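Note that the coordinates shown come from a computational prediction; the quantities given were computed from them, not determined experimentally.
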Amino acid sequence: PDLGDMDFTITDANMTVQVSADVIFMNGTAPAPETSMLGAYYINDSGDYVNAGYATLDGSAQYAIAVWASESNLDNGFAEGEDITWVLQIGDDLFVADAVSMSTAIGFSETFAANGFGQIISVQFSGDYAGGCTDNTACNYDDTAVVDDNSCTYADLGLDCDGNCLADADGDGICDDDEISGCTDN
């Protein structure tokens, strides 16, 4: 489907949808990358997919997404009972959910319900995006990565990324901090 961006309109009613970070999967891995956005899309009268609320994944364990209803005689949100299309934005890329499981427990709704509650049990996305390590102090820094995928690795204290001593004044392969004064073995 042709998806609009993550902009949305705050209206006079909403549904709150709870989701745990560890149930948002991208290419089989949870949680989805930090700074990505999980949005709820509806189909407007023109047949376009339009966002009606999202959460930015910031490393929190839980999110509550306000999913906005359409106001009377307007086409600016969800209609009662309308299916929710879940979309994940990573960088500039948008991915429609491959599979979604919503709670059907008493008090929860799988479809839009104004002033109601929903809970995502699992949501799965797939696709290619420019993920990698974005921390330039990490050993595996990737200057082409758009989104940090939590893959960064770091050198141990006192060592460089190849495991070599940062301080070895006598060149014996034993880091200065590990030297034993008076010992001549290497």
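Asn51 contributes no side-chain N or O that, together with a main-chain N or O of Phe8, makes up a donor-acceptor pair within less than 3.5 Å. Put simply, the side chain of Glu80 gets close to the backbone of Ala114: a donor and an acceptor are under 3.5 Å apart. Put simply, the side chain of Asp75 gets close to the backbone of Asp45: a donor and an acceptor are under 3.5 Å apart. Panel note: side chain Asp156, backbone Leu159; no donor-acceptor pair is recorded below 3.5 Å. No donor-acceptor pair closer than 3.5 Å links the side chain of Tyr42 to the backbone N or O of Phe112. A distance-only check finds no donor-acceptor pair linking the side chain of Asp93 to the backbone of Tyr129 [under 3.5 Å]. Side chain of Ser109 to backbone of Gly118: no donor-acceptor contact under 3.5 angstrom is found. Proximity of a side-chain donor or acceptor of Gln89 to a complementary backbone N or O of Gly91 within less than 3.5 Å is detected. Side chain of Glu179 to main chain of Asp176: no donor-acceptor pair is present (N/O by atom type, distance under 3.5 Å, no hydrogens or angles). Ser46 contributes no side-chain N or O that, together with a main-chain N or O of Asp48, makes up a donor-acceptor pair within less than 3.5 Å.
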> Please walk me through it: do Gln119 and Val19 pass side chain to side chain contact (heavy atoms under 4.5 Å, CB included)?
Replying inline: CA-CA 6 Å; Gln119 181 182 38; Val19 59; over 6 Å; no
>> Is there a side chain to side chain contact (heavy atoms under 4.5 Å, CB included) between Trp86 and Gln124? Walk through the geometry before answering.
In response: CA-CA 9 Å; Trp86 291 99; Gln124 314 232 356; over 6 Å; no
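In the hydrophobic cluster analysis, where Ile, Leu, Val, Met, Phe, Trp and Tyr join through side-chain heavy atoms closer than 4.5 angstrom, Ile84 is grouped apart from Phe108. Neither Phe25 nor Val100 shares a network with the other; the hydrophobic side chains, linked directly or stepwise wherever heavy atoms of I, L, V, M, F, W or Y lie under 4.5 Å apart, form separate groups for each. Residues Leu57 and Ile121 do not share a hydrophobic cluster, clusters being chains of Ile/Leu/Val/Met/Phe/Trp/Tyr side chains in contact below 4.5 Å.
Interatomic distance, Leu166 CG to Asp160 CG, rounded to the nearest 0.5 Å: 5.5 Å.
Heavy-atom neighbours of Phe117 CZ from other residues, nucleotides or ligands within 6.0 Å: at or below the threshold of 12. Heavy-atom contacts from other residues, nucleotides or ligands closer than 6.0 Å to CG of Asp92 number 12 or fewer.
When all heavy atoms of Ile120 and Met102 are compared, the closest pair comes out as CG1-SD, 3.5 Å. The shortest non-hydrogen separation linking Asp148 to Pro33 is O-CB, 3.6 Å.
Counting only N and O atoms by type, the side chains of Thr137 and Asp135 include a donor and acceptor under 3.5 Å apart. Side-chain contact annotation: Asn76 with Glu71, donor-acceptor N/O pair under 3.5 Å present. There is a side-chain donor-acceptor pair under 3.5 Å between Ser60 and Asp58. In this structure, a donor-acceptor pair under 3.5 Å is absent between the side chains of Asn27 and Ser126.
The SG atoms of Cys139 and Cys152 do not lie less than 2.5 Å from each other.
Screening Ile90, Val87, Leu3, Asp128 for a side-chain contact (heavy atoms from CB on, under 4.5 Å) with Phe95, the sole residue that qualifies is Ile90.
For the pair Ser70 and Phe78, the minimum side-chain heavy-atom distance is 4.5 Å or more.
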